[in-house]
Amino acid sequence: MTLRILSGIQSSGKPHLGNYFGAMQQHVQLQDIEDADPFYFIADYHAMTTVQDPEKMREFSRDVALDYLASGLDPDKATFFRQSSIPEVTELAWMLCAVTGMGLLERAHSYKDKVAKGIKPSVGLFYYPVLMAADILIYKSHQVPVGQDQVQHIEMTQDMAEYFNNTYHTEVFVRPEARMGTAPKVLGTDGAKMSKSYGNTIDLSMTGKPLKKVVMSIKTDSKGVEEPKDPETCNVFALYRLLASESEQAELADRYRAGGMGYGDSKKLVLEKIEDYFQPYREKRAELLDNLDYVESVLTKGATRAREIATQTVDEAKKAAGLL
Ligand code: ADP
Ligand code: TRP
């Protein structure tokens with residue numbers, strides 16, 4: 001049986017280390033699973049809830065495309081497209097919201113968190129989990145590789161699939177499962193979840209001075225150089241863990257505990273690791289930037305394939321609901 005894997009990244013800013021270690025790294029690894037048929041997309045309809053400048057929308061959408069391809073997404077192994085190339089998802093979202101109770105959406109953490117952070121509470125932001133459910137269900141996805149913050153949305157998708165199937169006595173929709181990688185919650189420079197909406201990111205494309213500035217701004221406690229420090233509670237160490245080998249991690253943890261090392265030193269180590277780790281990625285990204293026609297052709301081809309499947313599922317749902 002084919003394993004349909006699906007995930008999306010919003011074009012709401014430049015992809016960052018949280019997106020990479022929480023989601024994109026898994027996406028690329030999963031391309032090589034036997035029988036996998038992965039679908040990855042740029043969630044631009046979703047980004048409309050926060051990005052309302054058309055120039056920015058185009059720029060961020062291009063950034064996500066470049067970052068995905070530069071990180072190893074292989075268009076011969078994965079279907080890659082823009083969400084908005086598949087207008088059928090909005091049609092399916094309507095069919096799903098008609099059978100979904102308000103209470104389900106009212107419980108969404110991500111809506112409450114975003115509003116608490118000052119994002120305008122539009123109807124779209126509230127309805128967002130329904131559109132996400134449509135993204136997942138329209139391709140009959142089995143597994144959805146995401147970071148921890150998205151797990152509740154996938155549970156809501158399971159509920160919506162069940163409501164629809166039960167209401168219309170059908171089995172159109174497949175129950176999807178969340179799949180988390182080794183870093184389901186990467187922390188940002190302020191110690192909260194790294195997120196494009198929170199201004200605490202380290203972007204994948206950063207290098208040189210801007211990267212140095214942001215790494216040096218990572219929040220730590222105020223322990224002096226000589227004092228022993230706890231690697232387990234340190235934001236700098238948490239990032240080092242994502243980038244360094246086990247022996248390197250053990251060595252730095254010993255230096256933390258021994259005292260005599262300031263946070264400035266561990267930040268420098270993280271900085272070097274980020275520069276090295278993402279060097280090949282930055283080179284590939286620069287090549288792609290010179291070849292935007294190729295990037296566009298990948299997205300167009302992906303959209304054609306995705307749309308064929310989406311149209312079939314919407315037809316099945318319409319039949320089940322008596323619309324056809
Ligand atoms: P953002 O919160 O920055 O807007 P997205 O919502 O577009 O990011 O997230 C895209 C993917 O990256 C999702 O699968 C999400 O779970 C994952 N992700 C985002 N931030 C993090 C993080 N800090 N740690 C782990 N995974 C993350
Ligand atoms: N809501 C996701 C996020 O903010 C992006 C997304 C939209 C998504 N549709 C999806 C992720 C479907 C997985 C599956 O990260």
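Order of listing sets the numbers, starting from 1, for every ligand and every atom in it.
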Closest by any non-hydrogen atom to [atom]: pick that one out of [options].
atom: atom 14 (O) of ligand 1; options: G188, A192, S7, G147; result: G147
atom: atom 13 (C) of ligand 1; options: Q150, M180, H27, K185; result: Q150
atom: atom 15 (C) of ligand 1; options: V146, D149, I42, I9; result: D149

Handout entry: Residue portion contacting ligand 1 (non-hydrogen atoms closer than 4.0 Å) for M24
Key =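 Under 4.0 Å from ligand 1, M24 contributes no heavy atoms.
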| query | How are the rings of F81 and F41 set to each other: parallel, tilted or perpendicular (split at 30° and 60°)? | reply | parallel
Exercise for the section: Specify whether F237 and Y256 have parallel, tilted or perpendicular ring planes, treating 30° as the upper limit for parallel and 60° as the lower limit for perpendicular. Expected result: perpendicular
Numbering the atoms of ligand 2 from 1, which are under 4.0 Å from a heavy atom of [X]?
X: L6; result: 12 (C), 14 (C)
X: F41; result: 9 (N), 10 (C), 12 (C)
X: V144; result: 13 (C), 14 (C)
X: H46; result: 7 (C), 9 (N)
X: G8; result: 5 (C), 6 (C), 8 (C), 11 (C), 13 (C)

For ligand 2, find out whether one of its N or O atoms is nearer than 3.5 Å to an N or O atom of [X].
X: Y128; answer: yes
X: D135; answer: yes
X: Q10; answer: yes

Note: Q150, heavy atoms under 4.0 Å from ligand 2, region reported as side chain
task = Could you tell me whether I136 approaches ligand 2 through its side chain, its backbone, both or neither, with non-hydrogen atoms closer than 4.0 Å?
result =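 Side chain only.
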Check: So, Y240 versus S266: side-chain donor-acceptor pair below 3.5 Å or not?
Finding: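 Side chains of Y240 and S266: no pair found under 3.5 Å.
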Notebook entry, point to check: Looking only at N/O atoms, are G18 and ligand 1 under 3.5 Å apart anywhere?
Noted result: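 The answer is yes, given that G18 and ligand 1 share an N or O pair closer than 3.5 Å.
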Number the atoms of ligand 1 from 1 as they appear, then name those within less than 4.0 Å of a heavy atom of M194, with their elements.
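Answer for ligand 1: 20 (N), 21 (C), 22 (C), 23 (N).
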